[in-house]
Amino acid sequence: MSTENPTKINCLLQKTPSGVVLASNWLSQQGYSPELIRNYKNSKWLATFGNGAVKRYNDQVDYLGAVYTLQKQLGLSVHPGAKTALGLLGRAHYLEMNQQVVYLFGNEKEKLPTWFKKYHWEQQVSYYTSSFLPTAPGMTEFSHKNFSILVSSPARAMMECLYLMPEEVSLYECYELMEGLNNLVPTQVQQLLEKCTSVKVKRLFLYLAEKSGHEWVKFLDKEKIDLGKGERSFAKQGVYVPQYQITVTKDLEDNELPKV
């Protein structure tokens with residue numbers, strides 16, 4: 001190996017944290033040729049991480065380390081959201097940080113790279129692309145190991161849960177999650193609700209927030225939130241809530257909720 005190679009590999013290892021993936025196209029942009037990467041792999045500095053990526057030799061990489069790569073190296077908006085974000089942020093007592101299913105959200109046009117999709121992660125990864133919320137608002141930093149990534153804030157994560165309802169999350173579970181969000185910032189919630197394009201999400205969010213008795217709801221300006229027109233039903237033979245033109249389960253509306 002040339003004398004330049006150790007200098008370049010040291011530079012690479014210094015500017016990238018351990019526990020993350022190194023995308024091949026990003027390495028190329030940083031001046032690391034495929035030949036140089038092969039030398040690093042032969043010298044056991046780096047190891048292959050699927051098609052189009054490498055990692056530090058003998059490094060342990062979890063899905064959060066891969067999300068770091070998607071965000072910091074590939075410039076994608078892909079992030080942990082819904083129940084996954086609430087669990088990471090400690091905003092749901094019965095959600096463990098290491099959940100069996102990881103929910104990731106990204107922009108409609110964003111695709112996960114092959115190395116991410118084909119890797120056997122410890123958890124099942126469910127990736128959703130949508131535009132019901134804009135990319136930037138409602139994100140917060142989450143520190144993991146020796147790096148940080150962007151994840152959905154509690155308010156945005158709650159809206160993502162409602163977006164997944166009822167296929168991935170039940171309405172009852174959404175209510176349980178909403179009950180724990182007693183200190184949301186009204187201005188941030190207002191911004192998200194105004195920018196949200198899903199009538200289902202906005203109506204259910206306001207309904208569940210009011211049902212949970214949160215004080216921050218009083219500071220929202222509902223006149224600026226477009227709740228659409230027409231009725232929406234989320235339960236067969238349920239109870240109609242005229243304020244939001246929604247039909248929900250009777251036990252939820254009557255507060256006769258089963259204990260878990």
Side-chain angles (χ1 to χ4, degrees), residues 81-87 89 91-95 103 105 108 126 128-140 151-260:
K83 292 195 295 183
T84 299
L86 291 173
L89 297 173
R91 299 307 295 267
H93 295 302
Y94 61 90
L95 288 179
Y103 296 99
F105 282 79
E108 278 185 321
S126 292
Y128 293 88
T129 58
S130 69
S131 59
F132 83 99
L133 285 172
T135 300
M139 304 300 295
T140 188
V151 306
S152 290
S153 66
R156 183 179 179 119
M158 187 69 244
M159 293 182 190
E160 290 166 340
C161 285
L162 291 169
Y163 178 79
L164 298 179
M165 197 286 300
E167 288 79 10
E168 296 289 337
V169 192
S170 70
L171 185 55
Y172 167 73
E173 188 175 5
C174 287
Y175 175 71
E176 288 285 293
L177 292 169
M178 177 65 84
E179 279 194 310
L181 305 182
N182 61 346
N183 61 347
L184 297 186
V185 180
T187 53
Q188 295 176 0
V189 175
Q190 181 78 34
Q191 180 190 32
L192 287 169
L193 286 173
E194 287 185 25
K195 293 182 178 296
C196 179
T197 60
S198 170
V199 170
K200 176 186 85 168
V201 168
K202 289 183 284 190
R203 290 187 190 182
L204 287 175
F205 186 94
L206 290 171
Y207 166 72
L208 294 178
E210 289 180 358
K211 193 162 193 63
S212 299
H214 294 320
E215 286 294 315
W216 50 262
V217 179
K218 300 176 182 177
F219 299 95
L220 299 178
D221 187 351
K222 297 179 188 174
E223 295 297 320
K224 294 182 178 179
I225 302 169
D226 181 8
L227 295 179
K229 297 179 181 180
E231 300 177 357
R232 302 288 194 280
S233 178
F234 306 109
K236 293 181 179 179
Q237 298 180 335
V239 177
Y240 183 65
V241 183
Q243 181 182 1
Y244 292 112
Q245 294 183 288
I246 57 176
T247 299
V248 299
T249 56
K250 187 178 186 301
D251 56 3
L252 176 59
E253 178 59 13
D254 293 346
N255 273 336
E256 298 173 358
L257 297 176
K259 299 299 180 183
V260 208

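One is the number of the first residue; the rest follow in order along the sequence.
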Say you draw a straight line from [atom1] of [X] to [atom2] of [Y]; how long is it, rounded to the nearest 0.5 Å?
| X | Y | atom1 | atom2 | answer |
| --- | --- | --- | --- | --- |
| Leu89 | Thr84 | CG | OG1 | 10.5 Å |
| Leu252 | Lys211 | CG | NZ | 5.5 Å |
| Met158 | Leu184 | CE | CG | 10.0 Å |
| Phe205 | Leu193 | CZ | CG | 5.5 Å |
| Arg203 | Gln245 | CZ | CD | 5.0 Å |
| Ser170 | Glu176 | OG | CD | 9.0 Å |

Qualifying side-chain hydrogen bond (donor to acceptor under 3.5 Å, both in side chains) pairs, either residue in residues 159-169, two or more places apart: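 Found His79-Glu160, Tyr103-Glu168, Tyr128-Glu168, Ser152-Glu160, Arg156-Glu160.
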
What pair of heavy atoms forms the shortest contact from [X] to [Y], and how long is it?
| X | Y | value |
| --- | --- | --- |
| Pro186 | Leu220 | O-CD2, 3.5 Å |
| Phe105 | Ser130 | CD2-OG, 4.4 Å |
| Leu86 | Ala157 | CG-CB, 3.8 Å |
| Lys202 | Ile225 | CD-CG2, 3.9 Å |
| Thr140 | Ser153 | CG2-CA, 3.9 Å |
| Val189 | Ala155 | CG2-CB, 4.1 Å |

Between Cys174 and Leu204, does the side-chain contact (heavy atoms from CB on, under 4.5 Å) criterion hold? Intermediate values first, please. CA-CA 9 Å; Cys174 287; Leu204 287 175; over 6 Å; no

Please enumerate all residues that pass side chain to side chain contact (heavy atoms under 4.5 Å, CB included) together with [X], with sequence neighbours excluded.
| X | result |
| --- | --- |
| Pro134 | Pro137, Lys195 |
| Gln188 | Val185 |
| Asn183 | Arg91 |
| Lys218 | Glu215 |

Check: [Y] and [X] side chains under 4.5 Å, non-hydrogen atoms:
| X | Y | result |
| --- | --- | --- |
| Val201 | Leu133 | no |
| Met178 | His214 | yes |
| Lys250 | Glu253 | no |
| Met159 | Leu192 | yes |

For Lys222, enumerate each residue passing the salt bridge (charged side-chain N to carboxylate O under 4.0 Å, His left out) test, keeping only those at least two apart in sequence or located in another chain.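 For Lys222, the residues satisfying salt bridge (charged side-chain N to carboxylate O under 4.0 Å, His left out) (neighbours in sequence not counted) are Glu210.
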
Quick one: does any side-chain atom of Trp216 pair with a main-chain N or O of Ala209 as donor and acceptor, under 3.5 Å?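 Looks like no, no N/O pair under 3.5 Å.
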
Under the 3.5 angstrom rule, does the side chain of Lys200 hit a backbone N or O of Leu162 as a donor-acceptor pair?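 Side chain of Lys200 to backbone of Leu162: a pair is present.
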
Check residues 228-242 and write down every donor-acceptor pair under 3.5 Å in which the side-chain atom is one partner and the other belongs to a residue at least two apart or another chain.
unit_1	atom_1	unit_2	atom_2	d
Arg232	NH1	Lys229	O	3.0
Ser233	OG	Ala235	O	3.2

Using the side-chain hydrogen bond (donor to acceptor under 3.5 Å, both in side chains) criterion, which residues pair with Thr249? Sequence neighbours excluded.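 Thr249 satisfies side-chain hydrogen bond (donor to acceptor under 3.5 Å, both in side chains) with Asp251 once adjacent residues are dropped.
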
